[in-house]
Amino acid sequence: MNSSEESAVSAMSAGRSAMRMGPAELVQAAAMARRFYLEGKSKIQIAEEFGVSRFKVARVLETALERDLVRIEIRVPAELDAERSDALRARYGLRHAVVVESPAATEDIEDSPDPENLGEVAAGLLAELVNEGDVLGLAWGRSTIHMAAALDVLPPCTVVQLTGVYDAGTAERGSVEAVRRAAQVSGGDAHPIYAPMLLPDAATATALRHQTGIARAFEYFDKVTVAAVSIGSWEPGISTVHDMLTDEERAHYASLGVAAEMSAHLFDAEGRRVGRDLGERCITVEADRLRRIPEVVAIAGGQRKAAAIDAVLRSGLVTSLVTDTAAADQLLIAGSAPRPALDRADPDD
């Protein structure tokens, strides 16, 4: 074939095996391959054109592949890692796993930036997953906020906020704005939550949940069909909840073996929920409700978050993941195989 053609198929005389075919056979095989792979013609159409049976066409195409006369290449955008994505999906039993190239790391892993391209890729995944009439739930998190900002297309759907905000004073730049942005792109209704995620005590949280606007948002939780969440490690600057607690509270939950946080729910390394009393003080979707949502997409990356991502995937709350190569490499060399995410099973049971 003409080497200037940009295609997934190229006919060539390469290697001794290909030379076993005579020149007429090579030319015919190349022509059939061009018709089949490039022009999209059926084997029956090719057989009629060349005056042979469709079975001979099938044999010629098969031989062309075996002898490297035809080479098929599968290409994805450079920023996507198809091999790691498939391996990660299989390991955790995920419905979807998308791995993107990590940004250039600094010499100190602790100072490496969190991936900033995850939001754009997650926005593209949401555009695939959300159908007209769905209810999209967005939990607080830097990754979900970046994702919402990157949205440029979304089918008509209702958008509901799944958690309170990190700081009520920054709502316009956080979760509330993310919900508004997604609703604006989709042309659907928005149901934000104007309340902090963490309250001083359970009584205050209970009272806020009964306020009209917040109660209305909570009514949509059981209707959510697709949700986007972020994952945090139990470290300063990586977990929103960690940073909102006092030193004494952090020490208490650390003593329970907290390895990860997602939407104010805490998990140990095996994916079991710990520190459930914290949830009583939080404005957030309950874990049991998250488990019933058909599609829960987690957005998290960076080597520092790998252990936390593993813990949350083991919880059975997440069905799909958008991450980067740095985190994926750590996840793929982890020890024992975790419970498949699609089982949606609670490891506490």
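Being a predicted model, the structure only gives us computed values, none of them experimental.
- With a 4.5 Å cut-off on side-chain heavy atoms, Val159 and Leu138 count as touching.
- Under the 4.0 Å criterion applied to side-chain N and carboxylate O atoms, Arg35 and Glu49 are assigned as salt-bridge partners.
- The closest donor-acceptor contact from the side chain of Asp134 to the backbone of Asn131 lies under 3.5 Å.
- Taking CG from Leu278 and CZ from Arg273, the interatomic distance works out to 10.0 Å, rounded to the nearest 0.5 Å.
- A donor-acceptor contact under 3.5 angstrom links the side chains of Tyr253 and Asp277, judged on distance only.
- With a 4.5 Å cut-off on side-chain heavy atoms, Val185 and Asp152 do not count as touching.
- No more than 12 heavy atoms of other residues, nucleotides or ligands shown are found within 6.0 angstrom of CD on Glu248.
- Side chains of His191 and Thr158 form a contact here, defined as non-hydrogen atoms less than 4.5 Å apart.
- Salt bridge annotation for Arg304-Glu235: absent, with no cationic side-chain nitrogen under 4.0 angstrom from a carboxylate oxygen.
- A salt bridge does not link Arg292 to Asp288: none of the charged side-chain nitrogens sits closer than 4.0 Å to a carboxylate oxygen.
- Scanning both residues, Ala264 and Met197, for their nearest heavy atoms gives CB-SD, 4.0 Å.
- Looking only at distances, a side-chain donor or acceptor of Arg250 sits under 3.5 Å from a matching main-chain atom of Asp243.
- Each of Thr325, Asp81, Asp329 was checked for a side chain to side chain donor-acceptor pair (under 3.5 Å) with Ser102, and the lone residue meeting it is Thr325.
- Formation of a donor-acceptor pair under 3.5 Å by the Arg281 side chain with backbone atoms of Ala205 is not found in this model.
- Two residues are said to be in side-chain contact when any heavy atoms from C-beta on lie closer than 4.5 Å; Ile299 and Thr144 meet this criterion.
- At least one donor-acceptor pair closer than 3.5 Å links the side chain of Ser320 to the backbone N or O of His96.
- When all heavy atoms of Ala47 and Ser53 are compared, the closest pair comes out as CB-C, 3.7 Å.
- Nearest heavy atoms, Val312 versus Ala260: CG2-CB, 3.9 Å.
- Linking Ile, Leu, Val, Met, Phe, Trp and Tyr residues whenever their side-chain heavy atoms come within less than 4.5 Å places Leu65 and Met32 in a single cluster.
- Heavy atoms only, all atoms of each residue included: Cys282 and Leu198 are closest at SG-CD1, 3.6 Å.
- Rounding to the nearest 0.5 Å places CH2 of Trp140 at 8.0 Å from OG of Ser230.
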*Could you walk me through whether Phe50 and Gln28 pass side chain to side chain contact (heavy atoms under 4.5 Å, CB included), step by step?*
CA-CA 9 Å; Phe50 287 87; Gln28 185 183 68; 4.2 Å; yes
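- There is no path of hydrophobic side-chain contacts, each under 4.5 Å, that joins Val153 to Leu136.
- A 4.5 Å side-chain heavy-atom check between Leu88 and Leu331 finds at least one atom pair inside the cut-off.
- Rounding to the nearest 0.5 angstrom, the gap separating the CG atom in Leu199 from the CZ atom in Arg209 is 8.0 Å.
- What you find for Pro347 and Ser315 is that their closest heavy atoms are CD-O, 3.3 Å.
- Inter-residue side-chain proximity for Val322 and Leu125 is flagged as met; some heavy-atom pair is nearer than 4.5 Å.
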*Go through the steps for Leu290 and Phe221 under the test side chain to side chain contact (heavy atoms under 4.5 Å, CB included), then give the verdict.*
CA-CA 8 Å; Leu290 268 177; Phe221 286 0; over 6 Å; no
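- A salt bridge is absent between Glu48 and Lys43: the closest approach of a Lys/Arg side-chain nitrogen to an acidic carboxylate oxygen does not fall below 4.0 angstrom.
- With Arg95 contributing its side chain and Val318 its backbone, the two residues share no donor-acceptor pair below 3.5 Å.
- Under a 3.5 Å cut-off, the side chain of Ser233 and the backbone N or O of Ala308 do not form any donor-acceptor pair.
- For the pair Pro156 and Ser186, the minimum side-chain heavy-atom distance is 4.5 Å or more.
- The backbone N or O of Arg291 sits less than 3.5 Å from a side-chain atom of Arg344, completing a donor-acceptor pair.
- For the salt bridge (charged side-chain N to carboxylate O under 4.0 Å, His left out) test, residues two or more places apart in sequence or in another chain that qualify with Asp268 are Arg272.
- Ile309 contributes atom CD1, which lies 12.0 Å from atom CE of Met262 (distance to the nearest 0.5 angstrom).
- Side-chain N or O atoms of Thr323 include none that pairs as donor or acceptor with a backbone N or O of Val99 at under 3.5 Å.
- To the nearest 0.5 Å, atom CZ of residue Phe267 and atom CD1 of residue Ile231 are 8.5 Å apart.
- His242 is not listed as a side-chain neighbour of Glu261, based on a closest heavy-atom distance of 4.5 Å or more.
- Remark: the backbone N or O of Ile193 is paired with a side-chain donor or acceptor of Gln161 at under 3.5 angstrom.
- In terms of hydrophobic clustering, with Ile, Leu, Val, Met, Phe, Trp and Tyr side chains grouped at heavy-atom distances under 4.5 Å, Ile44 and Leu38 are assigned to different clusters.
- Going from atom CD1 of Ile46 over to atom CG of Leu61 covers 6.0 Å, rounded to the nearest 0.5 Å.
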*asked:* One pair to check against side chain to side chain donor-acceptor pair (under 3.5 Å): Thr246 and Glu249. What are the steps and the verdict?
replied: CA-CA 5 Å; Thr246 65; Glu249 289 170 331; 3.3 Å; yes
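- Contact record, Leu162 with Ala227: CD1-CB, 3.9 Å, taken as the closest heavy-atom pair.
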*asked:* One pair to check against side chain to side chain contact (heavy atoms under 4.5 Å, CB included): Val100 and Leu118. What are the steps and the verdict?
replied: CA-CA 7 Å; Val100 304; Leu118 294 185; 3.3 Å; yes
*Between Arg289 and Phe218, is a side chain to side chain contact (heavy atoms under 4.5 Å, CB included) present by the stated rule, with each step listed?*
CA-CA 11 Å; Arg289 279 177 160 171; Phe218 267 65; 3.9 Å; yes
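- The backbone N or O of Gly232 lies less than 3.5 Å from no partner atom in the side chain of Lys305, so there is not a single donor-acceptor pair.
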